[in-house]
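The structure presented is a predicted model; accordingly, all values stated were derived computationally and were not measured. Positions are given from 1, in the same order as the sequence printed here.
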Amino acid sequence: MIEQKVALVTGGSRGIGRAICLEVAKVGHAVLINFNENLGAAEEAREAVEKIGVPVDICQADVSAKAHRDLLVEFTMERFGRIDLLVNSAGIAPKVRKDILKPKRASFDGVRNTTWRAPTF
């Protein structure tokens, strides 16, 4: 277990999530960057955090699935031994943008599961 505080950031490889990873690293937290699909973006985010000088790792997990959330927490605990800060930054938009009143069920479920269920770790 490391002595410094550890931040687990879902959706931490791009956008707001990446900015959060950098900011928590600047205040001294070790960072676990979660990503779902874009390994290249996750590696770039990891390199940016490494330059700040804190421990960092990445972990692929689809936070819309409870089994993946459980594995993400388990990985973080194995790697760092603690979680002091959880930032649920993962979010997706519909794959096809159509009238909001007529969404396809699969599209609606994907957005709902990532945005609304994922924070229920």
Side-chain angles (χ1 to χ4, degrees):
M1 182 160 104
I2 67 174
E3 294 298 318
Q4 66 201 116
K5 292 183 178 181
V6 175
L8 165 55
V9 183
T10 68
S13 64
R14 300 182 317 155
I16 294 169
R18 180 179 179 186
I20 291 168
C21 289
L22 294 172
E23 291 304 311
V24 297
K26 287 176 186 174
V27 298
H29 284 64
V31 182
L32 190 290
I33 300 169
N34 160 249
F35 72 101
N36 186 24
E37 295 178 351
N38 192 332
L39 175 61
E43 290 173 338
E44 288 175 10
R46 176 177 52 199
E47 290 171 9
V49 171
E50 284 175 343
K51 289 179 182 175
I52 295 171
V54 297
V56 59
D57 208 342
I58 60 175
C59 182
Q60 183 175 15
D62 177 354
V63 295
S64 70
K66 182 172 180 352
H68 283 229
R69 294 191 304 268
D70 292 344
L71 290 171
L72 178 59
V73 170
E74 183 179 323
F75 178 85
T76 307
M77 293 302 293
E78 286 177 7
R79 171 65 171 88
F80 295 116
R82 60 192 288 174
I83 299 171
D84 300 285
L85 175 64
L86 171 62
V87 180
N88 287 301
S89 180
I92 62 170
K95 292 187 188 282
V96 178
R97 295 187 185 255
K98 291 189 175 187
D99 186 336
I100 194 166
L101 299 177
K102 299 177 185 178
K104 299 281 185 193
R105 179 178 279 299
S107 176
F108 177 81
D109 288 346
V111 172
R112 181 195 60 195
N113 289 344
T114 299
T115 307
W116 298 345
R117 288 192 176 167
T120 64
F121 270 82

Give the minimum heavy-atom separation between [X] and [Y], together with the two atoms involved.
| X | Y | value |
| --- | --- | --- |
| Arg82 | Lys5 | NH2-CG, 4.0 Å |
| Val9 | Cys21 | CB-SG, 3.6 Å |
| Glu43 | Ile58 | CG-CD1, 4.1 Å |
| Ala45 | Gly12 | CB-O, 4.0 Å |
| Asn34 | Ala61 | ND2-O, 3.2 Å |
| Asp57 | Phe80 | N-CZ, 4.1 Å |

Straight-line distance of Phe35 CZ to Arg46 CZ, nearest 0.5 Å:
8.5 Å
Hydrophobic cluster membership, with links at side-chain heavy-atom distances under 4.5 Å among I/L/V/M/F/W/Y: are [X] and [Y] in one?
| X | Y | value |
| --- | --- | --- |
| Ile33 | Leu85 | yes |
| Val54 | Leu32 | no |
| Val6 | Val63 | yes |
| Ile16 | Leu8 | no |

Is the backbone of Gly28 close enough, under 3.5 Å, to the side chain of Gln4 for a donor and an acceptor to pair up by distance?
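Yes, because the side chain of Gln4 sits within donor-acceptor range (under 3.5 Å) of the backbone of Gly28.
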Heavy-atom check, side chain of [X] versus side chain of [Y], under 4.5 Å:
| X | Y | answer |
| --- | --- | --- |
| Ile52 | Val31 | no |
| Val73 | Leu86 | no |
| Ile83 | Met77 | yes |

More than 12 non-hydrogen atoms from neighbouring residues, nucleotides or ligands closer than 6.0 Å to CZ on Arg79, yes or no?
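More than 12 heavy atoms, drawn from other residues, nucleotides or ligands, come within 6.0 Å of this atom.
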